[in-house]
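What follows is a set of notes on a single structure, which appears directly below.
All values below come from the heavy atoms of this structure, side chains included, with hydrogens, waters and symmetry mates left out. Naming: A, B, ... by sequence-line order, numbering from 1 per chain.
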There are 2 protein chains.
Amino acid sequence: MKKDVFRYNSCPAYRSMAILGSKWKPIIIYMLRERKARFGQLHAAIGTISKKVLTDMLKELETDGVLLREEFKELPPRVEYSLTEKGSTLVPIIVQLARWDNMHYESLTTTVS
Amino acid sequence: MKKDVFRYNSCPAYRSMAILGSKWKPIIIYMLRERKARFGQLHAAIGTISKKVLTDMLKELETDGVLLREEFKELPPRVEYSLTEKGSTLVPIIVQLARWDNMHYESLTTTVS
DNA sequence: CGGAATCCGTTATGATACTG
DNA sequence: CAGTATCATAACGGATTCCG
């Protein structure tokens with residue numbers, strides 16, 4: 001369930017990498033940088049992620065204290081995800097990573113300001 | 001061979017994550033930040049990495065243009081690895097990741113200045 | 001010394017169908 | 001709508017042995 005790949009002593013940044021070092025987590029966090037979003041919105045926005053994997057990622061991010069899950073007991077159900085303060089501190093790092101991409105490879109459709 | 005986990009369109013930072021999002025690459029890059037090192041030195045310094053995996057990581061990093069491999073045709077053989085300019089630009093990012101770790105979790109033996 | 005070659009377990013991610 | 005439950009697979013990381 002946890003990223004055992006990044007384990008003690010392997011890397012001085014293993015905890016941040018345990019959070020960012022997966023295929024979908026950076027973009028999930030980045031999407032929540034300004035406003036909360038519902039499960040379905042995230043699923044549609046990311047497009048190619050499966051619901052199972054999205055669920056898994058959201059759970060892990062919540063466990064890591066990076067995001068908050070609000071469940072409204074309605075019908076149909078509604079669940080909103082938002083970044084915690086801790087999660088917000090990851091945004092500039094993600095921006096830097098994306099910027100590195102843009103600097104070292106060309107022509108990305110997605111631009112990070 | 002490549003990190004297929006970080007694939008096109010999945011993440012605006014997928015290229016940097018393909019480099020940093022593995023168990024050993026950040027620490028390898030960080031170790032080379034000031035001076036070149038030989039295969040055996042890296043192997044000993046990291047301690048718990050297997051030779052196969054170290055070889056794999058070094059090959060991928062070389063392919064990605066992050067480090068340079070110099071082979072001296074001697075006996076016994078000597079191979080030196082060093083960061084390229086492109087590789088050097090990753091160091092501050094790794095430092096930031098490590099710093100994030102230190103800020104959000106306590107008491108790490110390894111401190112990054 | 002610096003690998004290469006094999007073999008192998010675990011984990012991350014995915015496709016699909018189903019549900020309160 | 002927001003998930004669960006199954007099942008499947010490829011890739012990541014590792015142990016071990018052998019080699020010029």
> Which atoms form the tightest heavy-atom contact between B/Ala13 and A/Leu97, and what is the distance?
Replying inline: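 Nearest pair, atom of B/Ala13 first, then A/Leu97: CB-CB, 3.7 Å.
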> Which pair of heavy atoms, one from A/Leu68 and one from A/Thr84, lies closest together, and at what distance?
Replying inline: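 In terms of heavy atoms, the two residues are closest at N-CG2, 4.0 Å.
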>> So, OP1 or OP2 of C/dA12: does either fall under 4.0 Å of a side-chain N or O from A/Trp24?
In response: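 For C/dA12, OP1/OP2 do not have a side-chain N/O of A/Trp24 under 4.0 Å.
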>> Does D/dG3 have OP1 or OP2 under 4.0 Å away from a side-chain N or O of A/Arg38?
In response: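 For D/dG3, neither OP1 nor OP2 has a side-chain N or O of A/Arg38 closer than 4.0 Å.
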Please tell me which of the listed nucleotides, [options], lies nearest to the side chain of [X]?
{"X": "B/Ser50", "options": "D/dG13, D/dA15, C/dT13", "result": "D/dA15"}
{"X": "A/Thr55", "options": "C/dA15, D/dG3, C/dG2", "result": "D/dG3"}
{"X": "A/Tyr81", "options": "D/dG3, C/dT13, D/dC1", "result": "D/dG3"}
{"X": "A/Lys52", "options": "C/dG3, D/dG14, C/dG14", "result": "C/dG14"}

>> Quiz question: going by heavy-atom distance under 3.5 Å, is there a donor-acceptor pair between the base of D/dG13 and the side chain of B/Lys23?
In response: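 No such pair is found, so the answer is no.
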>> Between the base of C/dG2 and the side chain of B/Lys51, is one N or O donor paired with an acceptor at under 3.5 angstrom?
In response: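 Looking at the base of C/dG2, it does pair with a donor or acceptor on the side chain of B/Lys51 (distance under 3.5 Å).
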Within this structure, what is the [atom1]-to-[atom2] distance between [X] and [N], rounded to whole angstrom?
{"X": "B/Glu70", "N": "C/dG2", "atom1": "CD", "atom2": "C1'", "result": "15 Å"}
{"X": "B/Leu58", "N": "D/dG13", "atom1": "CG", "atom2": "P", "result": "13 Å"}
{"X": "A/Ile46", "N": "C/dG14", "atom1": "CD1", "atom2": "C1'", "result": "14 Å"}
{"X": "B/His43", "N": "C/dA4", "atom1": "NE2", "atom2": "C1'", "result": "14 Å"}
{"X": "A/Arg78", "N": "D/dG3", "atom1": "CZ", "atom2": "C1'", "result": "16 Å"}
{"X": "B/Asp56", "N": "C/dA4", "atom1": "CG", "atom2": "C1'", "result": "10 Å"}
{"X": "B/Met57", "N": "D/dC12", "atom1": "CE", "atom2": "P", "result": "8 Å"}
{"X": "B/Ile49", "N": "D/dT16", "atom1": "CD1", "atom2": "P", "result": "16 Å"}

>> Within the 4.5 Å heavy-atom criterion, are B/Phe39 and B/Leu58 side-chain neighbours or not?
In response: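 They are in side-chain contact.
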> Just wondering, do B/Leu20 and B/Lys25 contact through their side chains at under 4.5 Å, heavy atoms?
Replying inline: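 SC-SC contact between B/Lys25 and B/Leu20 ruled out.
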Mind checking [X] for me? I need base, sugar-phosphate or nothing, with any heavy atom below 4.0 Å counting as a touch.
{"X": "B/Phe72", "answer": "nothing"}
{"X": "A/Lys59", "answer": "sugar-phosphate"}
{"X": "A/Val79", "answer": "sugar-phosphate"}

> Quick one: on DNA chain C, does A/Val53 or A/Leu75 contact a more 5' nucleotide (nearest heavy atom)?
Replying inline: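 Upstream on the strand: A/Val53.
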> Within the side chain of B/Lys86, is there an N or O that forms a donor-acceptor pair under 3.5 Å with the backbone of B/Asp64?
Replying inline: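 Yes.
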